[in-house]
Number of protein chains: 2
Amino acid sequence: MLQNSETHTKCEQCIIRQFNSLKSLTKSELIRISGCKTSKIIKKGEPLFQEGEHINGIFCIKDGLCKVSKMSDNGRDQIIHLIRKGDIIGERSLINDEVSNLKAVAVNDMEVCFIPKEEIIKDLQNNSNFSMDMLKKMASSLKNADNVIVDMAQKTVKQRLADTLIFLDSEFEKNEDGSIGILLTREDISNIIGTATESAIRLLSDFKKKKLINLKGKQIFVLNIPGLQQISQGF
Amino acid sequence: MLQNSETHTKCEQCIIRQFNSLKSLTKSELIRISGCKTSKIIKKGEPLFQEGEHINGIFCIKDGLCKVSKMSDNGRDQIIHLIRKGDIIGERSLINDEVSNLKAVAVNDMEVCFIPKEEIIKDLQNNSNFSMDMLKKMASSLKNADNVIVDMAQKTVKQRLADTLIFLDSEFEKNEDGSIGILLTREDISNIIGTATESAIRLLSDFKKKKLINLKGKQIFVLNIPGLQQISQGF
DNA sequence: AACGAAAACTGATAAATATCATGTTTATTA
DNA sequence: TAATAAACATGATATTTATCAGTTTTCGTT
């Protein structure tokens, strides 16, 4: 199994933490954390954790991307988040003692560090910079969740697809050819917008016909962002 | 304007705080907070705050109920929360400096206390019991938001109406006659489940025909919870 | 390169939901 | 209490979306 030198960077030397709440930890806290963290390679398609699992710690994503989803009563998986390099996931396990309500599956090969709950929870209580930063992140997630709820409740599937394409195009690095730098299946896309796979496929073809996007296999090229924004707003 | 003695209870003597994060404040913190809080009566239909407003503090709800909503791009209001006696709203204004993305309107007459941001933010930084409690509350809200997103994305309007009726029946005190103790218009209900008012009305009639509920004007009587749960799960 | 499986796609149809029109009941207030 | 507005209700219809069935394409494996 691939475990290159990068995988074993010490936390206090790791630049990834600059992108998340761990940047608020002191040097000595980081050194302690570093001593108990474990590194993992998660291959494309493998789970980082499952619904119903006790996580008991946080994952810091060093590289790669995963889809975070929840199974609905109707038996369909709904993707709620896309988590990538620099992100932390599992914070909620520090705070409540419940099992995870979400599943996380790697979209491409991932490199993650795991920090056990009992090591980092002290820092949450003692380092107010750290806890304030965590509060900030959660407040921002809550605001975002509000927006998603409104969009899911009020927008049509077509509007939500437009939103998703704009989001993917703006939030993720593009490939050299200009296509969206994250390869999702049509099923993934339909599980993000909350619709049947066939409906997502049909609408993608429709958008292509209208020159809003171009499709080459799984590669998606966003051609006309203002046009997609129009659709997103109901025109 | 009604301002009875209850309205002027000092925070350190106020039993309402037992129901929210303010219970984690020390006696001296509470006395200081009490000195700068203001009390307000909000009449039914009046706004507690508007979308786009700077809140700059938190509201502690002493009595009454309000609907918290956000306007969608399609021009329809989506109700995201129902906030009631004992709840706190506005925490996010302590943490980020943005204007509110939500609107709150009283469903019945309310009595609320307002605590300005600059007074309580220190306590968030210095009292780790308080900040941990806030983190717990936010974590729990995030988990709940996940569930709402999945339901909005995957469930039919009928399923969501069943969910909403179960929620209202279980979470709010009932009237003596057994009806749901919170009077919402049909439009409010449709703005909770995210559908056209006519659709909500039709489905309510349908549920009544099937003896799942009874309707007497705005009064709703939930008769068959297992039946509603069946519908919620797609049967 | 050949195979099999998964993914992508298309058409036909059914089901769910929104919209528009209109009448009735209930609430508000002059 | 009469007038008026708001909320509630129902029918007809259009639109959106899901489902089912089948074909083609892509991809990973041997």
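Since the model is a prediction, treat every value here as computed from it, not as a measurement. A, B, ... follow the sequence lines: proteins, then strands. Residue 1 opens every chain.
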Completion exercise
The nucleotide from C/dT17, D/dT17, D/dC8 with an atom nearest the side chain of B/T185 is D/dC8
Practice task
From the options D/dT10, D/dT17, C/dA18, select the nucleotide whose nearest atom is closest to the side chain of B/T195.
Solution key: C/dA18
Exercise for the section: Let me see the working for B/C60 and B/N20 under side-chain contact (heavy atoms from CB on, under 4.5 Å), right down to the final yes or no. Expected result: CA-CA 9 Å; B/C60 179; B/N20 61 48; 3.6 Å; yes
Exercise for the section: Flag the pair B/L184 / B/I79 as yes when at least one side-chain heavy-atom distance between them is below 4.5 Å, and no otherwise. Expected result: no
Practice task
Using a cut-off of strictly less than 4.0 Å, decide whether B/S199 has a side-chain nitrogen or oxygen near OP1 or OP2 of C/dA16.
Solution key: no
Exercise for the section: Tell me which nucleotide among D/dA7, C/dC9, D/dA9 gets nearest to the side chain of A/R186. Expected result: C/dC9
Exercise for the section: Determine the contact category for B/T197: base if any of its heavy atoms lies under 4.0 Å from a base atom, sugar-phosphate if only primed atoms, P, OP1 or OP2 are that close, otherwise nothing. Expected result: nothing
Practice task
Report yes or no: is the cationic atom of A/K85 (NZ for Lys, CZ for Arg) under 6.0 Å from the centre of the six-membered ring of A/F19, at an angle within 45° of the ring normal?
Solution key: no
Problem - B/L183 side chain reached by B/V107 side chain, heavy atoms, under 4.5 Å - result: no
Detail all sub-3.5 Å separations between protein N/O atoms and N/O atoms belonging to nucleotides 11-13 of chain C.
residue	atom	partner	partner atom	Å
C/dG11	N7	A/R202	NH1	2.9
C/dG11	O6	A/R202	NH2	3.0
C/dA12	N6	A/R202	NH2	3.3

Practice task
Using atom CG of B/L184 as one end and atom C1' of D/dC8 as the other, report the distance to the nearest whole Å.
Solution key: 15 Å
Completion exercise
Judged by nearest nucleotide, the residue sitting upstream toward the 5' end of DNA chain D, A/G194 or A/G217, is A/G194
Handout entry: Length of the line joining B/R76:CZ and C/dA18:P, which is rounded to integer Å
Key = 6 Å
Problem - Positive for side chain to side chain donor-acceptor pair (under 3.5 Å) with B/S69, one of B/N191, B/D188, B/D77 - result: B/D77
Practice task
Supply the atom-to-atom distance A/I149 CD1 to A/N144 CG, rounded to the nearest 0.5 angstrom.
Solution key: 10.0 Å
Completion exercise
Of A/A153 and A/L204, the one whose closest nucleotide on DNA chain C sits nearer the 5' end is A/L204
Exercise for the section: Output the single nucleotide from C/dT19, C/dA7, C/dT17 whose closest atom is nearest the side chain of A/K218. Expected result: C/dA7
Exercise for the section: Find which nucleotide of DNA chain C each of B/L203 and A/E187 is nearest to by heavy atoms, and output the residue with the more 5' nucleotide. Expected result: A/E187
Completion exercise
When rounded to the nearest 0.5 Å, the distance separating CD1 of B/I83 from CG of B/L102 is 9.5 Å
